[in-house]
Structure formats: C-alpha cells, structure tokens
Amino acid sequence: VSTPSPMRDTTRAAAAEARDNRVRVEIDNQNVSDMNVYLINQGTRVPLGWAPGLSKTTLELPAGSLRATGQVRLQADPIGIARSIRTPTLIVAPGQNVYWTIGADQATSSASAG
C-alpha cells in the first residue's frame, strides 16, 4: 500500500485552485459577423478565440492574465470588417465570469462581470 506523497497532494491542490480561479468569458454574439476575440492587456491584444455570428461561445482568459487590479477589457473584431467592439473596463475577481453580449455595434453591446 502506497501513501500519497505530500508533493502530489500539493500539485492536486494547486490544479484545483487554478480551475477555481479561472475566468470564463461567456459571449452571446448577436451580430451576424464572426468575431476574433482579444483580451486588451496593457495595450497589447492577447488572442482568446473566435465567436461565431449569431451564437453563444465560452472562452477563457489565459492563466495569469488577470491583473492585480482585476481590470479586464475585451475587444471583438468582426472578420472582414474594420470596426471593433470593446467592453468597458470591468473589475473581475478570480473565479468570476465575464458576460458579454455583442450587438450590431458598440451601442447595442453590453458586458458585466460576476
């Protein structure tokens, strides 16, 4: 009979904590255009994934990308169109989700965290 090593238990605990602290981005893309989605991190666009038009998609922020301030800003670029749609700056705690409805334009889009 083998006993679990403390190192293996620590690794499991760290993996469980990482899963609990991840930030999911739930996107309701009500726009007809497919969107490339980015995290805006200190002026740099970090690719998160793709949100097909007229569908719901869940993406995830990369591990370690949540700033100490918890500030998150996202950008969606319609494929083939030069007009981006951005979220306002949101305050997100580890383990919370971002909910983003992408409308026809910036004025009909909304985002929240919780």
Side-chain angles (χ1 to χ4, degrees):
V1 175
S2 66
T3 57
S5 73
M7 180 179 251
R8 188 179 319 157
D9 288 344
T10 302
T11 303
R12 284 184 186 160
E17 182 179 343
R19 278 192 306 276
D20 292 342
N21 287 335
R22 65 184 164 196
V23 175
R24 290 191 178 113
V25 180
E26 296 184 20
I27 300 170
D28 182 2
N29 185 0
Q30 297 177 359
N31 194 300
V32 296
S33 297
D34 297 340
M35 303 279 178
N36 288 318
V37 180
Y38 302 91
L39 168 67
I40 306 300
N41 191 350
Q42 298 179 352
T44 302
R45 293 183 337 160
V46 178
L48 295 183
W50 176 68
L54 303 174
S55 66
K56 294 183 180 185
T57 304
T58 300
L59 303 174
E60 199 169 291
L61 295 186
S65 65
L66 192 61
R67 296 171 48 188
T69 60
Q71 294 181 342
V72 171
R73 187 146 196 220
L74 303 172
Q75 177 176 316
D77 289 341
I79 296 174
I81 301 172
R83 187 176 304 170
S84 297
I85 297 173
R86 289 188 174 191
T87 66
T89 300
L90 303 169
I91 305 300
V92 183
Q96 289 187 323
N97 292 338
V98 173
Y99 304 96
W100 189 12
T101 300
I102 300 173
D105 56 25
Q106 187 73 41
T108 60
S109 300
S110 64
S112 64

**Student:** Ignoring hydrogens and angles, write down the donor-acceptor pairs under 3.5 Å from the side chains of residues 98-114, residues two or more places apart or on other chains.
**Tutor:**
residue: Tyr99; atom: OH; partner: Asn97; partner atom: ND2; Å: 3.4
residue: Asp105; atom: OD1; partner: Ala107; partner atom: N; Å: 3.1
residue: Asp105; atom: OD1; partner: Thr108; partner atom: N; Å: 3.1
residue: Asp105; atom: OD1; partner: Thr108; partner atom: OG1; Å: 3.2
residue: Gln106; atom: OE1; partner: Arg86; partner atom: N; Å: 2.9
residue: Gln106; atom: NE2; partner: Arg86; partner atom: O; Å: 2.5
residue: Thr108; atom: OG1; partner: Ala104; partner atom: N; Å: 2.9
residue: Thr108; atom: OG1; partner: Asp105; partner atom: N; Å: 3.2
residue: Thr108; atom: OG1; partner: Asp105; partner atom: O; Å: 3.3
residue: Ser109; atom: OG; partner: Gly103; partner atom: N; Å: 2.9
residue: Ser109; atom: OG; partner: Asp105; partner atom: O; Å: 2.8

**Student:** What's the shortest heavy-atom distance between Gln75 and Ser84, and which atoms?
**Tutor:** NE2-OG, 3.2 Å

**Student:** Indicate whether the side chain of Thr89 and that of Gln71 have a donor and an acceptor atom separated by less than 3.5 Å.
**Tutor:** no

**Student:** Distance-only criterion, 3.5 Å: show the donor-acceptor pairs between side-chain atoms of residues 34-55 and protein atoms not counting sequence neighbours.
**Tutor:**
residue: Asp34; atom: OD1; partner: Gly53; partner atom: N; Å: 2.7
residue: Arg45; atom: NH1; partner: Asp77; partner atom: OD2; Å: 2.4
residue: Ser55; atom: OG; partner: Pro52; partner atom: O; Å: 2.8

**Student:** Taking only distance into account, with no hydrogens and no angle test, what donor-acceptor pairs under 3.5 Å do side-chain atoms of residues 58-66 form with protein atoms, sequence neighbours excluded?
**Tutor:**
residue: Ser65; atom: OG; partner: Pro62; partner atom: O; Å: 2.7

